[in-house]
Structures are given as structure tokens and as C-alpha cells.
Amino acid sequence: MNRDNPNQEINHKSSPYTRLYEIIRQIPHGKVATYGQIARLTGNFTPRMVGYALAALPEGTDIPWQRVINRQGRISPRSHSGYAELQRHILESEGVRFNTDDQTDLSIFGWRPA
DNA sequence: TCCATGACAAGAG
DNA sequence: GCTCTTGCCATGG
């Protein structure tokens, strides 16, 4: 995937992806949001698009991609292995706890925007 | 242009 | 509570 990489659109401030990334940046430290939640906040996105946009992010981006998980409170595995483990590690270092079923309690750690 | 794929979600049965 | 189906739409072959 290397044609019109969405993160290049970050520099073009009128891109719909920009809005998506801006919202993700607003997720506070120690909290998590779901794909569907982000999608609804943008207004014109679908959860699949959110996942797709995040998959296109480069390493070392300032976007807190690790704070976006699925509706079940679990980390969605990507095609490239190893990242789910990394993501969980980062979240735990931020204070997010996972139970024995590898899922977080969204009623506690879920982000609730004003 | 058509088809398959993908870090998902919500409704129906 | 479960599984199955459908909606979503950008991207690549």
C-alpha cells in the first residue's frame, strides 16, 4: 500500500482522514476508544475505514493508535504479527488493565468525550 | 471495471 | 448469550 497513503493526507488539512486523526489524538492517556466510537464521532466514517486508516500509519507517528480497540474491549490482531503484543504492553504501561480473557473493561477505561 | 480483502459493528434469529 | 448476515468503502490486482 503505497499510493495515496492516508497519513500523507495529514499534511493536507482538508482531508477527511485529518478529522479522524484529530479525534484519535483527543483520547486521553490511560483511556481507550472503539472503532465504532471513533467512526461515529467523525460522522461520516465506518469502523472498517477507521481500522484501515490506522493500518496505514507509519511507525513513530504521534497518533495514539494503541488506544483504539474493538467493541469487545480486545485488541484487534493485525496481519503483521507482534503488534498486538506491543499494543497491549503500551496500554498496560498507561494504566489500562486486561483481564484473564485479554479484554479491558470499557465501562472503566472507555473514553467518554464530553 | 469488477472482485476480494480488511486493526469492525449492529441487527436478526 | 450465541452465530450468522449485512453494511461500510478504500485499496490493489
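Remember, it's a predicted structure, so these values are computed and weren't measured experimentally. Below, read A as the first sequence line, B as the second, and so on, with proteins coming before strands; counting in each chain starts at 1.
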Peer 1: Would you say B/dA10 has OP1 or OP2 under 4.0 Å from some side-chain N or O of A/R40?
Peer 2: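 Indeed, a polar side-chain atom of A/R40 lies that close.
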Peer 1: Grab the two heavy atoms, one from A/P28 and one from A/R67, that are nearest each other, plus how far apart they are.
Peer 2: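 So the minimum-distance heavy-atom pair works out to O-CD, 3.7 Å.
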Peer 1: In this structure, how many angstroms lie between the C1' atom of B/dA10 and the CD1 atom of A/I38, rounded?
Peer 2: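 These atoms are roughly 18 Å apart.
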Peer 1: To the nearest Å, how far apart are A/L86 CG and B/dA7 P?
Peer 2: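 My rounded result for the distance is 16 Å.
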Peer 1: Atom CZ of A/R48 to atom C1' of C/dG7: distance rounded to whole Å?
Peer 2: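 About 10 Å, once rounded to whole Å.
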Peer 1: When the nearest nucleotide of DNA chain B is assigned to A/I69 and to A/M49 on a heavy-atom basis, which residue is associated with the more 5' position?
Peer 2: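 Between the two, 5'-proximity favours A/M49.
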Peer 1: Which whole-number value in Å describes the distance from A/F45 CZ to B/dA7 P?
Peer 2: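 In whole Å, B/dA7 P lies 17 Å from A/F45 CZ.
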Peer 1: Just how far, in rounded Å, is C1' of C/dA10 from CG of A/L54?
Peer 2: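 Whole-Å distance recorded here is 14 Å.
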Peer 1: Would you mind reading off the distance between A/Y52 atom OH and C/dC9 atom C1', rounded to a whole angstrom?
Peer 2: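 Rounded to whole Å, this separation is 10 Å.
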Peer 1: Kindly indicate whether the side chain of A/I38, heavy atoms from C-beta on, has any atom under 4.5 Å from the side chain of A/I27.
Peer 2: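 In short, these two side chains touch, coming nearer than 4.5 Å.
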Peer 1: What is the distance from OH of A/Y17 to C1' of B/dA7, rounded to the nearest Å?
Peer 2: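 In whole Å, B/dA7 C1' and A/Y17 OH are 14 Å from each other.
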Peer 1: If you measure from the Lys or Arg side-chain nitrogens to the Asp or Glu carboxylate oxygens, is any gap between A/E85 and A/R88 under 4.0 Å?
Peer 2: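 Salt bridge absent between A/E85 and A/R88.
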Peer 1: Give me the distance, rounded to whole Å, that separates B/dA7 from C/dG13 when you measure between the C1' atoms they each carry.
Peer 2: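 The answer is 22 Å between these two C1' atoms.
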Peer 1: What about A/Y35, does its side chain sit under 3.5 Å from the base of B/dA7 through a donor-acceptor pair?
Peer 2: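 For A/Y35, whose side chain was compared with the base of B/dA7, there is a donor-acceptor pair (under 3.5 Å).
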Peer 1: Is the phosphate of B/dA7 approached by A/S79 (side-chain N or O, under 4.0 Å from OP1 or OP2)?
Peer 2: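 Yes.
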Peer 1: What integer distance in Å separates A/R71:CZ from B/dC8:P?
Peer 2: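 Rounded to whole Å, this separation is 15 Å.
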Peer 1: May I ask you to verify if any side-chain N or O of A/S76 is less than 4.0 angstrom from the OP1 or OP2 atom of B/dC8?
Peer 2: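 For B/dC8, OP1 or OP2 has a side-chain N or O of A/S76 closer than 4.0 Å.
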Peer 1: For A/R71, look at atom CZ and say whether over 12 heavy atoms of other residues, nucleotides or ligands are found less than 6.0 Å away.
Peer 2: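 No, not enclosed.
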Peer 1: Around atom CG of A/N44, are there more than 12 heavy atoms of other residues, nucleotides or ligands at under 6.0 Å?
Peer 2: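 No - once you tally the heavy atoms of other residues, nucleotides and ligands closer than 6.0 Å, there are 12 at most.
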Peer 1: Reckon A/R78 touches a base, only the sugar-phosphate, or nothing at all at heavy-atom distances under 4.0 Å?
Peer 2: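 Answer is base: heavy atoms of A/R78 come under 4.0 Å of a base.
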